[in-house]
Amino acid sequence: MFDNDAFDAHEKVLHVHDRDSGLKAIIAIHSTVMGPSAGGCRLWSYESAHEALTDALKLSKGMSYKNALAGLNLGGGKSVILGPVPDDARERLLLAFGECVEMLAGRYITAEDVGIGPADMQIMAKRTGYVSGLSPEDGVGGDPSPFTAYGIRRGIEAVAHQVFERPDLDGLRVAVQGLGGVGGNLCRELSELGAELMVADIGQDNVDRICDTYHAEPLHHEEILLAETDILAPCALGGAVTEFVAENMRARAVAGGANNQLLTKRAGYILHERGIAYAPDYVINAGGIIAVATEYFRDRSLEEMMELIDAIHDRTVDILRRVEATGEPGFLIADQMARDVIAAKRQAA
Ligand code: NAD
C-alpha cells in the first residue's frame, strides 16, 4: 500500500476478509480532519486486489476534497467490495460488511456507489448505524443518484454560461456515457431543459430505455467519448478521459458525474492545452453526498439541502473564472481549494 502511487498519507486502510460469507473488502479512510469520513461503497469485479486498493485510495482522497468543497463537516472515505458476489451470498456478505463498518466506530459512514443500491444499505443497516442512503423521509434521503444528477446539471449550466455563453441548455448537445443511477437521472434533468442528448451504455436495456424516454441518439460506448458534441458527461466508471481521449475528443467541455474522470494528470493538462473546459468531477457530483449527509445528520431542511446543491453552480463558475484568470488547469485549482479548506480546519483544531 505504501508504494501505491494513489497512497496519499491515508489515515487508515482496512483490508477485511470474512471466511463465512466470502467477503473481501477494503475500507480506505483518507482524512477525518473535517469530520467523520464518508463515501459510498462500491461493489465491482476488479482484475486484481491491487486494482481494488488503488480504486479505494483514489476514491477516498476524492471524497476528502469533495466533502471539503461542498461545505460538509465530513472527511473522506470510501470502500470497495471485491466482486463478483453470488446472489445467494449477497445478504450474508453485506451483513459482514456492515459489521466491519461498525468496527470503525463512526470514523467511516457508508452509502451507495456503483453496484450497491438502497436495498443493500438496508441490509448493512442491520449491523451498523454508520450508514446512510436508506429511505427518504420528507423528501430527504434514500438513493442519492437523483441529487447527484441535479448537482451535475447545475455544473453543466455553469459551463453553458461560462464556456458557451448561453443563457440556458436549450439545443446544447451533451453526450452522456453511462446510463445508471446518475447518468439516467442526468438525462431526465437535461432533457427537461431542452438539451440534445447522445447516450451510450454497455447495457443495451439502459440505452433503449433512455432513448425511448428522452428521444436521445444512441452511440456505441467506445465512440461516445469522441463524439461530435458540445459537452461530454462521463457518468460510468473512472478513467474515461485517457490521454488519447483528451487529445482526440471533439467536445469543448467535460462535465459529468463519474469519480476520477481523468485517468492521468497528463490527460488533464492535455484538455487544458487544447482549451477544453473541465468541470472537476468531485465539484459537480457532490449532490449525492450532500443528500447522504443531510439524511444522516438531519441537521438541515430540504430547502437548505437544495441550496447547498445549487451552490455547485457558483463554485463551478468560480473555478472556470480562476482558470481564465490564472491560466492554471481547473483540476489543479480545485485540488488546491480543497486542500486549503482542510488545512484551515486542521489549523483551527
Ligand atoms: P451505476 O452502476 O448505477 O451506473 C453505471 C452505468 O455505467 C451502468 O449502467 C453501466 O452499465 C455503465 N457502464 C459501465 N462501464 C461503461 C462503459 N465503458 N461505457 C458505457 N457505460 C458503462 O452507477 P452510478 O451510481 O450511476 O455511478 C456512476 C458514476 O458516478 C460512478 O463513477 C460513481 O462513483 C459516480 N458517482 C455516483 C454517485 C451517486 O449518487 N450514485 C455520486 C457521486 C459520484
Side-chain angles (χ1 to χ4, degrees), residues 38-46 55-56 58-63 65-67 69-70 72 74 76-81 83 110-121 132-133 136 141-153 155 175-189 198-210 216 218-227 232-242 245 254-263 279-295 309 312:
C41 172
R42 176 173 290 190
L43 168 55
W44 191 251
S45 297
Y46 293 96
D55 210 24
K58 280 189 184 172
L59 288 166
S60 56
K61 177 180 172 187
M63 288 310 300
Y65 288 8
K66 183 187 310 196
N67 294 341
L69 280 193
L72 299 172
L74 287 173
K78 198 90 181 184
S79 51
V80 298
I81 295 177
T110 195
E112 290 89 343
D113 193 64
V114 176
I116 294 285
D120 300 313
M121 304 318 298
S132 193
D143 178 9
S145 313
F147 300 104
T148 305
Y150 176 71
I152 299 163
R153 164 200 145 176
V176 182
Q177 181 213 32
L179 306 172
V182 173
N185 278 298
L186 180 63
C187 288
R188 175 180 46 74
E189 292 280 351
M198 296 166 213
V199 298
D201 195 290
I202 48 175
Q204 191 56 40
D205 288 356
N206 277 346
V207 176
D208 292 345
R209 180 174 51 84
I210 295 291
L219 293 182
H220 190 270
H221 68 269
E222 282 169 8
E223 287 169 7
I224 191 148
L225 299 169
L226 306 183
L232 173 66
C235 295
L237 293 177
V241 183
T242 60
V245 168
V254 178
N259 284 309
N260 299 327
Q261 287 166 32
L262 304 175
L263 184 64
D281 44 20
Y282 61 78
V283 173
I284 69 165
N285 73 12
I289 192 69
I290 293 170
V292 159
T294 305
E295 174 187 341
I309 301 179
I312 289 173

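In listed order, ligands and their atoms are each counted from 1. On a predicted model such as this, the values are computed, not experimentally measured, just so you know.
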Exercise. According to the salt bridge (charged side-chain N to carboxylate O under 4.0 Å, His left out) rule, which pairs have a member within residues 176-189, sequence neighbours left out?
Worked result: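 Those involving residues 176-189 are R153-E189.
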Is it the case that the side chain of [X] and the backbone of [Y] share a donor-acceptor pair, with hydrogens and angles ignored and the cut-off at 3.5 Å?
X    : Y    : answer
N285 : G257 : yes
S132 : E295 : no
Q177 : A240 : no

Under a 3.5 Å threshold, I'd like every N/O contact between ligand 1 and protein atoms, with atom names and distance.
residue, atom, partner, partner atom, Å
ligand 1, 3 (O), G181, N, 2.9
ligand 1, 9 (O), D201, OD1, 3.4
ligand 1, 9 (O), D201, OD2, 2.7
ligand 1, 9 (O), N206, ND2, 3.0
ligand 1, 11 (O), D201, OD1, 2.6
ligand 1, 21 (N), I202, N, 3.4
ligand 1, 26 (O), G181, N, 3.2
ligand 1, 26 (O), V182, N, 2.8
ligand 1, 30 (O), G257, O, 3.4
ligand 1, 32 (O), A236, O, 2.8
ligand 1, 32 (O), N259, N, 3.3
ligand 1, 34 (O), R42, NH2, 2.8
ligand 1, 34 (O), D113, OD1, 2.9
ligand 1, 34 (O), N259, ND2, 2.8
ligand 1, 40 (O), T148, OG1, 2.7

Problem set entry | Nearest-0.5 Å distance that lies between atom CG in D201 and atom CG in L219 |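 Answer rounded to 0.5 Å: 12.5 Å.
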Problem set entry | side chain to side chain contact (heavy atoms under 4.5 Å, CB included) partner of K66, chosen from N259, L72, D281, L74 | N259
